[in-house]
Amino acid sequence: MHEMSLCAGMLRIIERQAEQDKFRRVLTVRVELGEYAGVSEESLCFCFPIMAKGTIAEEAKLEFTHTLDQALRIIDLDVV
Amino acid sequence: MCDTCGCAAETHAHHHHKDHDAEKHLVKVEEDILSENNAFAEANRRLLEQHKILALNLVSSPGSGKTTLLARTLSSKRFLSAVIEGDQSTDIDAERLRATGAPAVQINTGRGCHLDAHMVGHAMSDLGIGKGALDGGVLFIENVGNLVCPAAFDLGEAAKVVLLSVTEGEDKPLKYPDMFRAAKLMIVTKSDLLPYVQFDMDRCLGYAKKINPDIEHFVVSSTSGEGEDAWMDWLDRARCMPRNKGFAA
Ligand SMILES: Nc1nc2c(ncn2[C@@H]2O[C@H](COP(=O)(O)OP(=O)(O)OP(=O)(O)O)[C@@H](O)[C@H]2O)c(=O)[nH]1
Ligand SMILES: [Mg+2]
């Protein structure tokens, strides 16, 4: 269940970015996810909306690019 | 605000403005999701290196024998040692280890399934690390019993050590590959129980090497004492290795 703390980390990155770039809502979060990151796409997708409730990312969809390394990164966001 | 890292209780800003006129656009982020943890881990690692402390992150499923092996290791008094104990609740394990005379700090993770580098930084400071305590010694970090989640979190340790007891079955390296890939050393524990269980040692080592060709291993029993000398010698060697880029024991 460490996906909970990963989602909390994602939200902190997103909120920090929002302060910098002054956006108010996040529509899409694109994530690079490595085969060896030790994280499953399913559980991130399950946890993210729960953790994001009440934040600017509460309606955001997650989109994944899969790689063969240990990557676990937010690439970019669609925002308004 | 705390003195160790300047953290404050965090709050998520709540923005619920309506944004009818806003245009959808793309914002580049390019940030590692674990970057926060990794920054704390690097800070821990720097401090440990400055004070010539060997830090080992002990991971296993619940009940594999981490605390028992640590109690035996600490009781030998061969090294100046301290322990950071991680469990979801209770300070039973820290109490058990304090009985050996070594300082032990308990972290309770509550619902959390792993230790993170931020918690460990605070526990290090509680142990007086950085202020002279434990210089040149060994810091054992016993992680929450869990073969999955702790694999992803760097705490600033020199190496992860994975324990696997013979009662768990030899297939665990294949079933939980992330952890065995992350570990430098595998300790197969409770070898005194081998006569009572079906556990194919060669197969276990084969699986572990398949996942991680560089993994080292010992077979130990905290009941009979088998393998404990090899473990202590390994610790002695590891203590003397330069640790900036991991170490080759
Ligand atoms: N027979 C035998 N039993 C052992 C050995 N080492 C530990 N045990 C027993 O295994 C049980 C669990 O041991 P612990 O040392 O508490 O295991 P742990 O990994 O610290 O457990 P958690 O912290 O709860 O994850 C205890 O009942 C120990 O007495 C061993 O070498 N042989
Ligand atoms: Mg324990």
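By convention in this document, chain letters (A, B, ...) are assigned in the order of the sequence lines, proteins followed by strands, and residues within each chain are numbered from 1. Every value quoted in this text rests on a predicted model; they were computed, and no experiment measured them.
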J.: Chain B heavy atoms under 4.5 Å from A:D78: which part of the residue, side chain, backbone, both or neither?
T.: both

J.: Just wondering, are more than 12 heavy atoms of other shown residues or ligands nearer than 6.0 Å to CG in B:L26?
T.: yes

J.: When rounded to the nearest 0.5 angstrom, what distance separates CD1 in A:I13 from CG in B:D32?
T.: 7.5 Å

J.: Give me the contact list for residues 30-38 of chain A versus chain B, heavy atoms only, anything under 4.5 Å, ordered by residue number.
T.: A:R30, A:V31, A:Y36, A:A37, A:G38

J.: Give, for atom NE2 of A:H2 and atom CG of B:N146, the distance between the pair rounded to the nearest 0.5 Å.
T.: 8.5 Å

J.: Under the side chain to side chain contact (heavy atoms under 4.5 Å, CB included) test against B:H25, which residue among A:V79, A:D21, A:V80, A:L77 passes?
T.: A:V79

J.: Do B:E30 and A:I75 touch side chain to side chain, with heavy atoms closer than 4.5 Å?
T.: yes

J.: Should A:R73 and B:I33 be marked as a side-chain contact (heavy atoms from CB on, under 4.5 Å) after you check the CA-CA gap, both sets of side-chain angles, and the distance that decides it?
T.: CA-CA 5 Å; A:R73 286 190 318 137; B:I33 293 171; 5.6 Å; no

J.: Closest heavy-atom contact between B:H114 and A:S5?
T.: CE1-OG, 3.0 Å

J.: Under 4.5 Å from any heavy atom of chain B, what part of A:L72 do you find: side chain, backbone, both or neither?
T.: both

J.: For A:Q17 versus B:K28, what's the shortest heavy-atom pair and its separation?
T.: NE2-O, 3.6 Å

J.: Could B:E36 and A:R16 be called an ion pair, given the rule that one side-chain N must be under 4.0 Å from one carboxylate O?
T.: yes

J.: CD of A:E3 to SG of B:C113: how many Å apart, nearest 0.5 Å?
T.: 7.5 Å

J.: Could you give the distance from CE (A:M10) to CD (B:E31), rounded to the nearest 0.5 Å?
T.: 11.5 Å

J.: For the residue pair B:V27 and A:D76, establish whether any side-chain heavy-atom pair is separated by less than 4.5 Å.
T.: no

